[in-house]
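Right, one structure below, let's go through it.
Every number for a ligand or one of its atoms is a count from 1 in the order of the listing.
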Amino acid sequence: MNQQSHERAPALHADGSLRHLLTLEGLPRALLERLLERAQHYSRPLGTPPARSQALQGITVATLFTEPSTRTRVSFELAAQRLGADVASIEMQLSSRLKGESMLDTIRTLESLHVDVFVLRDAQTDVPDLVARNVAAHVSVLSGGAGNYAHPTQGLLDTLTILQHKGRIAGLSIAIVGDVRHSRVARSAWHAFATLGATDIRLVAPPALMPNEQEFGGCARFHRLEDGIAGCDVVMMLRIQKERMTEAAIPGAAEYFAEWGLTPQRLAAARPDAIVMHPQPMNRGIEIASQVADGPQSVIRDQVRNGVAVRMAVLEAVIAGRSSPALSTGKDAADWRQRGPRP
Ligand code: CP
């Protein structure tokens, strides 16, 4: 492993297939569309059996989350299992990281145990990229969320949910509301929406929670909730990120809800058929009222359900990419081919 390299890990193999998924920024539209089509193939209504395949038979997927998670971690693990993979769920708080082992030594150890795909969540934005730059050629790294930088599978599942309800992304008015400044969800959603042709993407936030002007190019900015969601097709609420708020001055929960909470009355400013989204976990009574979160316009549970389908599509894509001709030039790839299927 080379800890000195500073080039970003390549997202794609030379043939354009997916190697690592660390951000949606810069990914080709055709690749996003292929992943979404495949995710739709794996998507099932609640109350019906989940989709299954053996596309990952013989593959081992490890999840390493140093930040809390319910949805992302569980849905990655279910996705891997439903594709026939072995899953190692590393309890980072019980791992040898606590004895001072470096992240790269942990990764090297797991590579020795035949892990093929790492799913990482970390508060540090550059950890998934560091790992991706240092794994063997046959190994892929998927971000499960990194700092405020990216949460790419969340961006894909948000996009899939909109497609299922609206049939398109281009031509929609999409409001991203709340703590945009600290949100990796907002950044990944924006990258996906812009790549797929959305031109009316609105950031709606109090000044302290609005990102820098240099970010989110092309998005309109609003400092009043009703103005920002007026006539919108999609209202994407964000969680107030208390854990990333060292520098942002915001009022208390009651004051925030009074001005920024999405209530049925405020939602009336959006289109009557607007959908309401939230990545969760939700702060009910702070950024969103329970009547809206659980109301008829909410698609929040669809977002969760789509998490497994999207992660199945991504896992399938990176494993399919291992047969990429680009790998044939690498020593690790040659080793991998000689080794053959795992026992
Ligand atoms: N949306 C999301 O990332 O949820 P978790 O933090 O529970 O994974």
Side-chain angles (χ1 to χ4, degrees), residues 21-25 35-36 39 43 46 61-82 87-93 117-125 127-128 141-162 164 174 176-193 209 234-245 262 275-284 286-288 292-294 298-315:
L21 185 62
L22 310 182
T23 175
L24 298 181
E25 184 175 13
L35 289 172
L36 291 163
S43 178
L46 279 182
V61 177
T63 55
L64 294 84
F65 281 43
T66 59
E67 278 193 327
S69 169
T70 299
R71 283 146 289 270
T72 309
R73 181 175 182 149
V74 170
S75 58
F76 258 118
E77 292 175 0
L78 286 176
Q81 287 164 1
R82 288 175 186 168
V87 176
S89 180
I90 314 303
E91 287 296 336
M92 296 304 279
Q93 299 308 320
V117 181
F118 290 101
V119 183
L120 305 175
R121 170 173 288 189
D122 204 282
Q124 307 254 359
T125 59
V127 165
V141 177
L142 308 178
S143 171
N148 65 7
Y149 168 64
H151 193 347
T153 54
Q154 180 74 42
L156 289 171
L157 74 87
D158 289 340
T159 305
L160 179 63
T161 304
I162 296 173
Q164 289 172 346
I174 304 173
I176 304 176
V177 181
D179 186 4
V180 185
R181 184 185 186 89
H182 301 95
S183 178
R184 56 194 177 209
V185 172
R187 287 174 174 82
S188 286
W190 166 57
H191 287 137
F193 300 159
L209 301 182
V234 177
V235 181
M236 174 182 280
M237 302 304 294
L238 298 173
R239 180 174 70 90
I240 288 285
Q241 309 223 357
K242 296 171 203 148
E243 73 275 25
R244 300 194 211 287
M245 277 206 171
L262 187 64
I275 57 171
V276 175
M277 306 175 70
H278 193 303
Q280 303 195 75
M282 280 184 279
N283 296 303
R284 291 173 183 260
I286 299 181
E287 70 257 3
I288 190 165
V292 175
D294 303 326
S298 171
V299 298
I300 293 169
R301 293 190 66 186
D302 291 343
Q303 290 174 265
V304 180
R305 186 174 50 79
N306 282 330
V308 179
V310 155
R311 287 159 184 137
M312 288 173 83
V314 170
L315 286 164

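- Remark: distances from the non-hydrogen atoms of Arg121 to ligand 1 include one below 4.0 Å.
- Side-chain contact of Asp302 with Thr161: a donor-acceptor pair under 3.5 Å is absent, judged by distance alone.
- Minimum heavy-atom separation, Arg187 to Asn148: CD-O, 3.0 Å.
- Protein heavy atom at the shortest distance from atom 7 (O) of ligand 1 is Thr70 N, 2.7 Å.
- Residue contact check: Gln280 has heavy atoms under 4.0 Å from atoms 1 (N), 2 (C), 4 (O) of ligand 1.
- Closest approach of Asp294 and Arg284 over heavy atoms only: OD2-NH1, 2.8 Å.
- Relative to the ring axis of Phe65, Arg121 does not place its NZ or CZ within 45° and under 6.0 Å from the centre.
- Ligand 1 has no N or O atom lying under 3.5 Å from any N or O atom of Arg73, backbone or side chain.
- Without hydrogens or angle criteria, Ser75 side chain to Arg71 main chain gives a donor-acceptor distance under 3.5 Å.
- Proximity of Glu67 to ligand 1 is not established, as no heavy-atom distance is less than 4.0 Å.
- Checking only distances, Pro281 never comes within under 3.5 Å of ligand 1, N or O to N or O.
- Residues Leu238 and Ala186 share a closest heavy-atom pair of CD1-CB, 3.9 Å.
- What sits closest to atom 4 (O) of ligand 1 on the protein, heavy atoms only, is Arg71 NE, 3.0 Å.
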